[in-house]
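This report refers to the structure that appears directly beneath it.
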Amino acid sequence: MPQQQSNKTGIVIFAALIVIVLAVCLYAYVKTGDQDLETRFASAVGLPAPSDDGNNFSIFGFDVEGNNLSYIVILALLLVIAGALYVKYGK
Amino acid sequence: MCTAASFAIFQVNLPLFGGVHMNLTSLTGILVGPAIGGIIVLIVNILSAAIGHGGWGMIGANFLVNMAEVTTAYGVYKAMEKIGADTFSKAAVGTLVGLFVGNVIMVAIILISGIQGVNQTMTDTLYGLSLLVAVNMGVAIIESVVTGYVVSYIQRVRPDMLQEVAPVATTTKQ
């Protein structure tokens, strides 16, 4: 019973934080408008808006920052290394 | 594994609030602690610079921000054990607070170091960055829920992964 009560404490704290953060976030979003991260940062610090290079591959609005080919190559290497380490030490 | 996951997620722009990304630094901190977590975020920052996401000159500042997130998330996660919160809440609140502290550190670094070629006052910069932080925290909600579920799942299937590991120095002395 005490465990169940303490579980609620954690969720209540999280819910309260979400309500506060969401309210502040929506206010800021309405205030600044629909901008990407770089444009929002540039306008926040007073820099000119960055130009869009337009070479990003996008699926349903999800796209990769930086060079797409390098991203795939480095990610593949990391996965191979992680897999090899798991096989050697993970069990 | 944490490095690969963090690197994979860090580069993906989400179509939310105009385009933002998650980074899983809090999850890294909760899973492996600040010491190994620091190495992981440094590697992720170097690899990110290598593919053109963030400049090489930004690695130090990005590392400070990410390290604050890793350490705070870990600290809050451990602190919430004292009130007996469940795993999801501990991880989610740790993530939310960790990302907020990371954003505050980011603002502090910019205000202290300044930006070349900018004419606006520090007050204007602080106001603009506060709005940026507020929007970023919207994504922190999503990341905190994701982290909460991931840590809860790991707690269920591999609870040993979340146990405190004795420092190497302690084990070798015995």
Side-chain angles (χ1 to χ4, degrees), chain A residues 2-15 17-18 20-22 24-29 31-41 43-48 56 58 60-75 77-83 85-86 90, chain B residues 1-5 7-8 10-21 43 47-54 80 83-90 92-93 96-97 100 110 115 117-121 124-141 144-145 148:
Chain A
Q3 182 64 25
Q4 196 177 4
Q5 195 177 7
S6 60
N7 283 351
K8 281 183 184 169
T9 311
I11 283 292
V12 167
I13 293 171
F14 182 53
L17 283 174
I18 280 190
I20 295 166
V21 167
L22 205 54
V24 176
C25 169
L26 287 175
Y27 168 78
Y29 180 67
K31 193 96 175 163
T32 56
D34 191 39
Q35 301 170 327
D36 64 24
L37 193 58
E38 277 76 21
T39 313
R40 201 184 297 279
F41 177 79
S43 94
V45 297
L47 288 170
N56 276 355
S58 173
F60 302 119
F62 293 84
D63 59 48
V64 175
E65 295 267 357
N67 185 287
N68 293 350
L69 181 64
S70 303
Y71 171 72
I72 291 168
V73 170
I74 291 175
L75 184 57
L77 278 174
L78 282 174
L79 289 173
V80 168
I81 293 167
L85 288 173
Y86 183 76
Chain B
M1 204 82 84
C2 279
T3 310
F7 175 78
F10 189 61
Q11 320 306 332
V12 178
N13 238 334
L14 306 179
L16 280 169
F17 304 115
V20 285
H21 61 81
I43 293 171
L47 294 177
S48 299
I51 71 163
H53 182 193
M80 285 193 71
I83 63 166
D86 62 316
T87 306
F88 175 84
S89 306
K90 284 190 293 184
V93 173
L96 207 53
V97 177
F100 177 71
I110 293 170
I115 297 176
V118 170
N119 294 320
Q120 71 180 16
T121 63
D124 288 339
T125 306
L126 178 61
Y127 176 70
L129 288 174
S130 301
L131 291 175
L132 177 77
V133 168
V135 175
N136 281 350
M137 287 307 292
V139 189
I141 293 176
S144 62
V145 172

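Below, read A as the first sequence line, B as the second, and so on, with proteins coming before strands; counting in each chain starts at 1. Please read these numbers as outputs of a predicted model, since none were measured by experiment.
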Heavy-atom distances under 4.5 Å only: say whether [X] touches chain A with side chain, backbone, both or neither.
{"X": "B/Ile110", "result": "side chain"}
{"X": "B/Asn136", "result": "side chain"}
{"X": "B/Leu129", "result": "both"}

Max heavy-atom pair count under 4.5 Å with chain B, selected residue of A/Thr39, A/Val24, A/Ile81, A/Leu17: A/Leu17

If we define contacts as heavy-atom pairs under 4.5 Å, which of A/Leu79, A/Val73, A/Leu85, A/Val21 has the most with chain B?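 Result: the option with the highest number of such pairs is A/Val21.
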
Among all residues two or more places apart in sequence or in another chain, which pass the side-chain contact (heavy atoms from CB on, under 4.5 Å) test with B/Phe100?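 Listed in chain order: B/Val104, B/Met137.
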
Results of side-chain contact (heavy atoms from CB on, under 4.5 Å) for B/Ala49 - residues two or more places apart only: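 Checked B/Ala49 against side-chain contact (heavy atoms from CB on, under 4.5 Å); matches are B/Trp56, B/Ile59.
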
With a 3.5 Å distance limit and no angle check, can you tell me whether B/Gln120 reaches the backbone of A/Leu47 through a side-chain donor-acceptor pair? no

Evaluate the criterion side chain to side chain contact (heavy atoms under 4.5 Å, CB included) for residue pair A/Tyr29 and A/Arg40; output intermediate values, then yes/no. CA-CA 10 Å; A/Tyr29 180 67; A/Arg40 201 184 297 279; 4.0 Å; yes

Determine the minimum heavy-atom distance between B/Leu131 and A/Ala28, stating which atoms define it. O-CB, 3.5 Å

